[in-house]
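Data first, discussion second: the structure below is written as structure tokens.
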Amino acid sequence: MNGSGKGACFIRKDRTILLECGHPGFEAARTALADFAELVKSPPAYHTYRITHLSRWNAAAAGKTAQEILAVLSLLSCCGIPAGLEEEVRQLVSRYGRLELHSGAAGGSLMVLRADNPGLLDELAEQAALQELGLNRTAPLECRCPAEQRGLLKQELTRLGFPVLDYAGYRDGQALNVPWKKAAGSGAVSGESVGLRDYQEEAVRRFGGIGGSGGSGVVVLPCGAGKTLVGLAVLESLQCETLILTSNATSVAQWKAELLKRTGLDEEAVGEYSGVKREVRPITVATYQILTHRRSKGGPFGHMNLFNERNWGLIIYDEVHLLPAPVFRATADIQATRRLGLTATLVREDGREDDVFSLIGPKCYELPWKVLEKQGWIAAVDCIEVVVPMGTDIRHRYMYAGAKEQFRVAAGNPAKAEAAAKIIAAHPGAAVLVIGQYLDQLEQLAASLGAPLITGKTSQQERNGLYAAFNEGAIRLLVVSKVANFAVNLPDASVAIEVSGAYGSRQEEAQRLGRILRPKPGENKAYFYTLVSGDSREQDFALRRRLFLTEQGYDYAVQTVQPEGVSL
DNA sequence: AAGTCCGTAA
DNA sequence: CAGGGTACGGACTT
């Protein structure tokens, strides 16, 4: 199997898995584990995975059985599976699918919750939270519950460890003719004629087929893999009025542009609902912000009504990992509407992944970044952590700073400027982005590197000028602040140098890497450097930040800058 | 009366 | 933890 005859993993009975990085079976094991376990730590020698509720349900939702998971585990394990764990995995995986939600007779105001055995319902009957929702035992294997509690019920059951298969169905919403735009000279109007890639078609198919009735779920695709097109294809397959929610104004404009470019929808059929425009049209694109905006602190949300303004047949949640809590609550009330979540990184620093799972839907499709890389849709990236020692002065400031300030001091290590200059020199002619978190640091870097700086204060006009110059090759180096995290119109580069970042934000790291993923001419290769002060708290945060990417199979090489120039 | 600029909140 | 985007209201212009 792996040459050494011994598996690459050590499996512990607390459901954690240690994966030996130097093992010949490492790559294969990492790929296999990604299906049902979450990476929690990735120090150099051993990666730690954990089998969580969510990871199991995602596996189950994707059609993996306990049998298959256990088979993979025993194959990977160096010394068997601990007694008890096997049974536990079997039991926990089997929890997915033991409860089903169906619509009541004649589409009435009651739903039916069905279980595969009476004991389970006995157990649920003891839960006060469920009684409050009006759950009422009507038969040994059946409970009834008011239909309007559908979302809260699912959320609560997920929390208790019993996710529900939702077969209660969806309303179709107001029908709307959404054809693909016909390619010139071609009469055919199928997904193929608009150039849907295989994986995009597969994602659409899975969305339609998951959980029996189909029609709600989350599609996870890397940056630049064409999530918008998946959304459009789902829209085309359902042919109904649709509400699209997304993270910012730029993205709203992009959705609208794509809708008009790819489909035959009239301009009047597509509306923008944002701070500036309040159009409610058959297809409406809105920001999350406007939904959650309150007129006054603690007051009511001003625009949540948008969910009910038309008879939507589909709601698309773009960047679903950013979904604000109040929108979760509103989503609980609209469970009869089909929902599609799109994201590159289904991780939230607030740990509400479970709510995404229960209220939007299970993960129905995911394509690992590395697979996409192999197929050439995104660039291959070398990730390099560069450890930059702190000079004497800064080391002193670091030692006398409070715990929280230490991170700030280490992040602002001025020796990073020289390290960045060296990296840039090592990539002559490449388009380079220097990305950081602190304005003073970035100002100094821009000055010492002789490069233009873009921050939130930079006017849109000025940005566009610099972006254009960068794209044309007139400028080869740009220093950017957090504007880079979400700015969809930032140009692509082949080298990114991260000089500082937010406390352990996994998504931020992923977004930043995304900046250099667009396929490159020639070798199709890009470089991601992250500069970290040596012997400092910054290293711990950096480790956490890159968990997501490690999970996706990116390896960080570590380089240490020699403290030359100490005499300066 | 309607459009544009700017500071502020959360 | 700092920084950035958004929505909005008030000031000012047309």
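What you see is a predicted model, and the numbers here were worked out from it, not measured in a lab. A note on names: the letters A, B, ... follow the listed sequences, proteins ahead of strands, and every chain is numbered from 1.
Across all strands, Y503(A) comes closer than 4.0 Å to no nucleic acid atom at all (heavy-atom distances). At a threshold of 4.0 angstrom between heavy atoms, the contacts of K457(A) with the nucleic acid are absent.
Taking side-chain N and O atoms only, H293(A) has a distance below 4.0 Å to OP1 or OP2 of dC8(C). For dC8(C), the OP1/OP2 oxygens have a side-chain nitrogen or oxygen of R278(A) closer than 4.0 Å. Distances shown here put a side-chain N or O of S481(A) below 4.0 Å from the OP1 or OP2 atom of dG4(C).
The closest side-chain donor-acceptor pair between R310(A) and T284(A), if any, does not fall under 3.5 angstrom. Looking only at atom types and distance, the side chain of S481(A) has no donor-acceptor partner in the side chain of Y438(A) under 3.5 Å away.
Between the CD atom of Q460(A) and the P atom of dG4(C) there is a distance of 13 Å, rounded to whole Å. Summarising the geometry, the separation between CD on Q289(A) and P on dT8(B) is reported as 20 Å, rounded to the nearest angstrom. Distance, L442(A) CG to dG4(C) C1': 13 Å, rounded to whole Å. Rounding to whole angstrom units, NZ of residue K482(A) and P of dT6(C) are separated by 14 Å.
For R295(A), counting side-chain heavy atoms from C-beta on, the closest listed nucleotide (dT6(C), dC1(C), dG9(C)) is dG9(C).
By the 6.0 Å and 45° rule, R512(A) does not stack over the aromatic ring of F528(A).
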